[in-house]
Number of protein chains: 2
Amino acid sequence: MGRKRTKSGKIRLAEVAELAGVSPITASRFFRNPEALSVAKRTRVESAAKELGYVPNLAARALASQRTEVIGVLIPSLTNNVFSDVLRGIYDASEGSRYSIQLSNTRYSILQEEKLLRLFLAQKPAGLIVTGIDQTAESRAMLEAADCPIVQIMEIGPNPVDMMIGFSHYDAARAAVAHLFAQGRRKIGFVGARMDPRVQRRLDGYVSAMKDAGLFEQRLVVTTATPTSVTLGGALFTDLLAREPDLDAVFCANDDLALGVLFECRRREIGVPEQIAIVGFNDLEFMASAVPTLTSVRTNRYEMGKTAAAMLIEAIEGRRPELPVLDLGFKVIERQSSSSRPSDNRPAVSGGGTANKMVALPSSHD
Amino acid sequence: MGRKRTKSGKIRLAEVAELAGVSPITASRFFRNPEALSVAKRTRVESAAKELGYVPNLAARALASQRTEVIGVLIPSLTNNVFSDVLRGIYDASEGSRYSIQLSNTRYSILQEEKLLRLFLAQKPAGLIVTGIDQTAESRAMLEAADCPIVQIMEIGPNPVDMMIGFSHYDAARAAVAHLFAQGRRKIGFVGARMDPRVQRRLDGYVSAMKDAGLFEQRLVVTTATPTSVTLGGALFTDLLAREPDLDAVFCANDDLALGVLFECRRREIGVPEQIAIVGFNDLEFMASAVPTLTSVRTNRYEMGKTAAAMLIEAIEGRRPELPVLDLGFKVIERQSSSSRPSDNRPAVSGGGTANKMVALPSSHD
DNA sequence: GTCGTTGCTGGTAGCGCTGTCAACGATCCT
DNA sequence: AGGATCGTTGACAGCGCTACCAGCAACGAC
């Protein structure tokens, strides 16, 4: 435990500097801004660091520089497949950068989000990624006062706190319903679970499209606050069918529900799409291999996460993006479950259905 | 920018101490070990901290105390549902504790794992959770030299580095095959993807069970290094069927593959379970609502993550668990897809199938 | 040739907190 | 009653790094 000069075998910046024959501060600069060093010293420090196996002490760095290299990420759920894709994108983009990801789960509670936000902000993160646009007033104020870049993900809307990347759930839902109209469906039910703000906006989109066509009826909508699941999809569909036996299509707020509806149809020997068409949301992998293959609205989740983190890192380093709001769009992927030609076997994804479209919308949907 | 004594409005421990009328070190102790303070000072510091809205500076704390309050978690995949359940458990257990989770993705590469481990260890984490028991020799050495508690999760095996929590994939696979034997199946195929060490051990279990029954044939095994997916399940099953048209059952290394096999059967109009029985692995939520419902091997993923983190935190705080190795077991959940009585509609989970069992095994499976 | 400019380097002084150890009063024991 | 013990408190000295600013050489402009 001889701790006077050499310390307990630990390699500090001072050791690297000594070996390289420079001052500690110069060695420090090598890691912070190598361009500022002369080439000679740069290589000397570099090889000294490598030789000693130097690893910087992040705590000391954070303390001295008064900022951390942590990107805080607030998402509402770890279970939801949708977020695991987004997260993967975020982690991929952060890899190789100096920033590390600090993840927290709001459990779909904006109060919990506010609490976590306060916690995060106190640690002076380098940047923040938050989900959605529905924060408490308090959260909103904290975000606006934060002196770090912030990206809101998952959806776009007016008044971004800083940057924003996502798509319009409202428009996506309208497009899904329009697709069903194009297939000649009229009595289109809506099945939704959890009813977080984004699902709510999908419902809003559905309602508006139905109203536009003069086909909206309240009893066509079945929702619950319960977390989503395949089983729940079957249960909600059962309810829906009891209310409206003449149903000819179901728009599901996500793919798990859609799969549940498909299984329930099979259980009841209801023909899909002959009797009932099914459209899901997110286009998870299994949708393309279900029997029949399931139509869904594709969203670019991985790309969203990756781009969000990349934008954030750029902004942290002072290179703000030209466009603070990015609309990643969506695409209705028409498959057998909603085809008007039931026996149609053409490739699902690239099928040129009339409703296939990739839109790039303005930030708000009015 | 007046930074001489009061600093830029920041609340430091010194401010709290001053307001409370104690020395900074006493205030510090309040957060570290409140029991050591007299009740009077404790309440004084507490109210002072609350009044000022004091938030400790973690960087300073880490620097001064030479340790962090970070739990490092190394998992091989963020996409896999299995890990999202485990992660949820880990995050749930860490919530409310002083520890924060630092997650890294090894992408199923033990070299990447080694690299990340080195990175983590350099930051002196409070504890570490690593996936599986197959580390490089170098990683193993680092783990053993680490001066923090470590939990290996997902499976159990001999020679734990420190603590270990999981179950025997080998035994679980044997149980699944035994269940199929009990249903009168003989030509049982194996379908596996990714073939990480745990899937490999499931294969080993399958092979040994088949050999024990004198039924093993190499052509019954179809595997690929490709990441798993529902679609892949269908494709691998197609291969399997081409090699062995008389197949009467398929044991899938995971549930996604099983779902793919189910869809493929439907596509080919193969009766499940009349012609072919299907058994999956993990018992994801959708297995119970598929048509027919799908038999699977239930694993306690959420509990595994939660217990792992809880054990780790206990160990960090000096309370080592009585048993360093915890076997969470598994359970074959018999459902319609593997029933010998195809039209059987009894509840899937609690069905008293002969192969239903919850085992608690010794740490290794020899 | 002198002056200012630029580019690079180093010294000083903390960042906010906690480990160590000494000091203090109160309680306990003989 | 005196000393030992315990529980509680505070002073001091950094933890390893970087912000700030000064210094110095090399260079170009006049």
Side-chain angles (χ1 to χ4, degrees), chain A residues 1-45 48-49 52-69 98 122-124 126, chain B residues 1-45 48-49 52-69 98 122-124 126:
Chain A
M1 310 279 173
R3 60 172 63 188
K4 204 61 271 181
R5 257 304 61 96
T6 44
K7 202 68 190 77
S8 52
K10 206 95 71 28
I11 305 300
R12 306 199 303 298
L13 193 53
E15 273 77 59
V16 176
E18 192 180 6
L19 179 61
V22 300
S23 71
I25 187 65
T26 300
S28 166
R29 266 190 283 261
F30 168 75
F31 294 100
R32 193 133 293 292
N33 180 18
E35 312 303 312
L37 294 197
S38 62
V39 180
K41 305 230 166 184
R42 200 186 307 172
T43 53
R44 288 238 297 287
V45 175
L52 296 172
Y54 171 71
V55 180
N57 180 320
L58 265 39
R61 183 180 283 178
L63 180 58
S65 67
Q66 297 286 70
R67 58 211 163 72
T68 63
E69 285 166 351
R98 67 197 317 153
Q123 300 311 325
K124 300 217 170 210
Chain B
M1 311 279 173
R3 58 173 62 186
K4 205 64 271 181
R5 255 306 59 96
T6 43
K7 200 73 190 72
S8 52
K10 206 95 72 29
I11 305 299
R12 304 199 304 297
L13 193 53
E15 272 78 59
V16 175
E18 192 180 8
L19 179 61
V22 300
S23 72
I25 188 64
T26 299
S28 166
R29 264 191 283 264
F30 168 75
F31 294 100
R32 194 132 292 292
N33 181 18
E35 312 304 313
L37 293 197
S38 64
V39 181
K41 305 231 166 181
R42 200 185 309 172
T43 53
R44 287 237 298 286
V45 175
L52 296 172
Y54 170 71
V55 180
N57 179 320
L58 264 37
R61 182 180 283 178
L63 181 59
S65 66
Q66 296 287 72
R67 59 210 161 71
T68 62
E69 286 167 349
R98 68 198 316 155
Q123 300 313 324
K124 300 218 171 213

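Chain letters run A, B, ... following the sequence lines, proteins first and then strands; every chain starts at 1. Side chains included, hydrogens not; waters and symmetry mates left out as well; all remaining heavy atoms used. Since the structure is predicted, the reported quantities are computational estimates derived from the model, not experimental observations.
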Item to check | Nearest-angstrom distance from the residue atom CZ of Arg12(B) to C1' of dG14(C) | outcome: 11 Å
Checklist entry - Can you tell me how far P of dA19(D) sits from CG of Leu13(A), to the nearest Å? => result 12 Å
Item to check | Nucleotide of dT18(D), dC15(D), dG16(D) approaching Arg32(A) most closely (side-chain heavy atoms) | outcome: dT18(D)
Item to check | Presence of Ser65(A) side-chain N/O under 4.0 Å of dC17(D) phosphate oxygens OP1/OP2 | outcome: no
Checklist outcome for this item: Taken to the nearest 0.5 Å, the spacing of Arg29(A) CZ from Ser23(A) OG works out to 6.5 Å
Checklist entry - Is there a side-chain contact (heavy atoms from CB on, under 4.5 Å) between Arg61(B) and Glu69(B) once you walk through the steps? => result CA-CA 9 Å; Arg61(B) 182 180 283 178; Glu69(B) 286 167 349; 3.6 Å; yes
Item to check | Nearest heavy-atom neighbours spanning Ala60(B) and Leu63(A) | outcome: CB-CD1, 3.6 Å
Next on the checklist: Looking at dC17(D), I'd like to know if its phosphate oxygens (OP1 or OP2) sit under 4.0 Å from a side-chain N or O belonging to Arg67(A).
Outcome noted: no
Next on the checklist: Can you tell whether the side chains of Glu18(A) and Arg44(A) come within less than 4.0 Å, N to carboxylate O?
Outcome noted: no
Checklist entry - Does dG16(C) have OP1 or OP2 sitting under 4.0 Å from an N or O in the side chain of Tyr54(B)? => result no
Next on the checklist: Regarding Arg42(A), tell me which of base, sugar-phosphate or nothing describes its non-hydrogen contacts under 4.0 Å with the strands shown.
Outcome noted: nothing
Next on the checklist: In this structure, how many angstroms lie between the C1' atom of dC17(C) and the CD1 atom of Ile11(B), rounded?
Outcome noted: 16 Å
Checklist entry - What integer distance in Å separates Lys124(A):NZ from dC15(C):P? => result 13 Å
Item to check | Asn33(A) CG to dA19(D) P, straight-line distance once rounded to whole Å | outcome: 11 Å
Checklist outcome for this item: Protein heavy-atom contacts under 4.0 Å, written 5' to 3' over nucleotides 6-11 of chain C as B (base), S (sugar-phosphate only) or - (none), form the string --SBBB
Checklist entry - Shortest non-hydrogen contact from Lys124(A) to Thr68(A)? => result O-OG1, 2.8 Å
Checklist entry - Expressed in angstrom and rounded to an integer, what is the separation of Leu58(B) atom CG from dC17(C) atom P? => result 10 Å
Checklist entry - Can you tell me how far the OG1 atom of Thr26(A) sits from the CG atom of Leu13(A), to the nearest 0.5 Å? => result 9.5 Å
Taking only N/O atoms, report every protein-nucleotides 22-24 of chain C pair under 3.5 Å with atom names and distance.
none

Checklist entry - So do Phe30(A) and Arg42(A) actually touch side chain to side chain, heavy atoms under 4.5 Å? => result yes
Item to check | Whole-Å gap separating P (dG14(C)) and CG (Leu63(B)) | outcome: 17 Å
Checklist entry - How close or far is atom P of dG16(D) from atom CZ of Arg61(B), stated in whole angstroms? => result 19 Å
Checklist entry - Does a side-chain heavy-atom distance below 4.5 Å link Ile11(A) with Val55(A)? => result no
Next on the checklist: Counting only side-chain nitrogens and oxygens, does Gln66(B) get under 4.0 Å of the OP1 or OP2 atom of dG14(D)?
Outcome noted: no
Checklist entry - With a non-hydrogen cut-off below 4.0 angstrom, is Phe30(A) in contact with a base, only sugar-phosphate, or nothing? => result nothing
